[in-house]
Protein chains: 2
Amino acid sequence: MSEHVPNAPKPETSQAETVASELTLAIHQHRVLPGTKLGEDDLAEIYGVSRTIIRAALQSLAHHQLVEIRRNRGAFVAQPSIREAHEVFEARVLLEPGVARRAAERTKPDDLALLQRHIQDEHAALASGDRGAALHLSGLFHIEIARIADHETLAGFVEILIARSSLIIALYWRRESALCEKHAHHALLEALRSGDGVAAEELMHSHLVDLHSALDLRERPKPARSLKEALTAPDTGL
Amino acid sequence: MSEHVPNAPKPETSQAETVASELTLAIHQHRVLPGTKLGEDDLAEIYGVSRTIIRAALQSLAHHQLVEIRRNRGAFVAQPSIREAHEVFEARVLLEPGVARRAAERTKPDDLALLQRHIQDEHAALASGDRGAALHLSGLFHIEIARIADHETLAGFVEILIARSSLIIALYWRRESALCEKHAHHALLEALRSGDGVAAEELMHSHLVDLHSALDLRERPKPARSLKEALTAPDTGL
DNA sequence: GTACACAAATTTGTATACAATGATGTGCTC
DNA sequence: GAGCACATCATTGTATACAAATTTGTGTAC
């Protein structure tokens, strides 16, 4: 039958999904930055698979708007515009508070333990200076809440929005403001623990508004990095 | 080998996108029903392209949850469960009223004309007995409103939800209730014309609640059709 | 020295070949 | 005749080969 072994000789998940997951993780953790070109041959060699697999993975990421595929040009890590950044956080403000309320009404003990660990891990990552990992875990916290809400459709949307948020934070995060989500997440956890849906809804709302306002979304060209793209656009004046 | 597409001297859009669009349309119009197997070789021959293209198109539809890909088994038109059906309409009730309000605040004269034509076409299709085409146009009406709202992120979600709604209607539509959306759509159009966001929001809300309640979502096995799948599952008792 | 034009090299787009997995059919055992 | 084992077939999964397009490099004209 099917025993859940990590390095199984018989992959239950397709190779394309594996590559897509790894790439997604790398983008979430800001190991590859927006604008980076993702050449098919390079990736094929890195992951030891053929371009067929890489292509499928890249298409998957493109559907999640994590990469942009330009015909005959290749795949690049997406660079959300200021407008897109606003859209994403507006959508999150619209969706996630309701999801949090739903989650508060359905939280089980195991869920609380998992969320608690997420917060711990996030804190540990921050303490060790790994901002990328902390950011990733911070996103996972929100995704976990969506999962607890037990609404796959909304959870899928939330997942997409959080993935794009990671790109937006990479591009527009205001350096001086600390990435201190510990308090907000802890308060949310407590609201979930007590089953207080209204509190969870409000906490999530203010948390997201905070995040949105912590971005520097004034008019400026996107910091297109790497290659000549960084040089064909005017400097940000930093 | 390419004599299928009439006028495509220089394809600006990739062949995979073309195939995906055609398949999506066919599903929206209920020309292929939920549960239908979409064999790669068959599709490759039909559209006159290689399996590579077909595969990319099917993956695209799978991302939109219009088809389900089972490893080593192939692609099948998705059969949303009752639970998924509820989820989809819950999500639509959550998202679309706000989108309609936004749209009312941004409607331009050209948009009104376009919506008017959609309603006309839908009515004409219904009169000629082409329920599939009418259903498709009905969905396009909602998508058009999302486009007018000028929020690409939300519009993308709405598009996905409407695509899935088409499958849900194919599976669970209550036969006796007429597919009479003309009044609701016309009322919405008028609200948009007068720029009354609150009215548009409320009209959209009640319209969606109506649609949801017009489905027969009582417990029953999914009508898996075609091939032996229809025989391995208990009959719907119809 | 700059700008344009052309050629080489790299990279993506598509088709096809082969391998692997699941489905089907046949024959043997009991 | 029922049930299982194995061979055969069909279909999907993956790799590779080739075509098309873009980018890079070089040479020449002015």
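Below, chains carry the letters A, B, ... as their sequence lines are ordered, and counting in each starts from 1. Every value quoted in this text rests on a predicted model; they were computed, and no experiment measured them.
- Between the base of dG22(C) and the side chain of R70(B) there is no donor-acceptor pair shorter than 3.5 Å.
- Here dG13(D) presents its P atom at 12 Å from CG of D41(B), a figure rounded to the nearest Å.
- R55(B) comes within 4.0 angstrom of a base, heavy atoms only.
- Contact between the side-chain N/O atoms of Q15(B) and the OP1/OP2 oxygens of dT14(C) is found at a separation under 4.0 Å.
- Rounding to whole angstrom units, CD1 of residue I69(B) and P of dT11(D) are separated by 17 Å.
- Using a 3.5 Å distance cut-off with no hydrogens or angles, the side chains of T18(B) and Q15(B) do not pair a donor with an acceptor.
- Minimum atom distance to the side chain of N72(B) is reached by dG13(D), of the listed dG13(D), dT16(C), dA15(D).
- Distances shorter than 4.0 Å separate none of the side-chain N or O atoms of K37(B) from OP1 or OP2 on dG22(C).
- The interatomic distance linking F76(A) (CZ) with dT23(D) (C1') rounds to 11 Å, in whole Å.
- Per the geometry, CD belonging to E45(A) stands 11 Å off P belonging to dT11(C), to the nearest Å.
- In this structure, CD of E40(A) is placed 14 Å from C1' of dA15(D), rounded to the nearest angstrom.
- Ring planes of H86(B) and H212(B): tilted class, angle from 30 to 60°.
- Atom pair D42(B):CG and dT11(D):P shows a separation of 7 Å (rounding to whole Å applied).
- Within the nucleic acid shown, R73(B) comes within 4.0 Å of sugar-phosphate atoms alone, with no base atom in reach, counting heavy atoms only.
- For the pair L38(B) CG and dT12(D) P, the computed distance is 10 Å after rounding to whole Å.
- Taking atom CZ of residue R71(A) and atom P of nucleotide dG13(C), one finds them 7 Å apart after rounding to whole Å.
- With values rounded to the nearest 0.5 angstrom, H30(A) atom NE2 is found 7.0 Å from L167(A) atom CG.
- A close approach under 4.0 Å does not occur between any side-chain nitrogen or oxygen of T52(A) and OP1 or OP2 of dT14(D).
- Side chain to side chain, R92(B) and H142(B) meet the donor-acceptor criterion of an N or O pair below 3.5 Å.
- Between the side chains of T153(A) and R164(B), a donor-acceptor pair is found at a separation under 3.5 Å.
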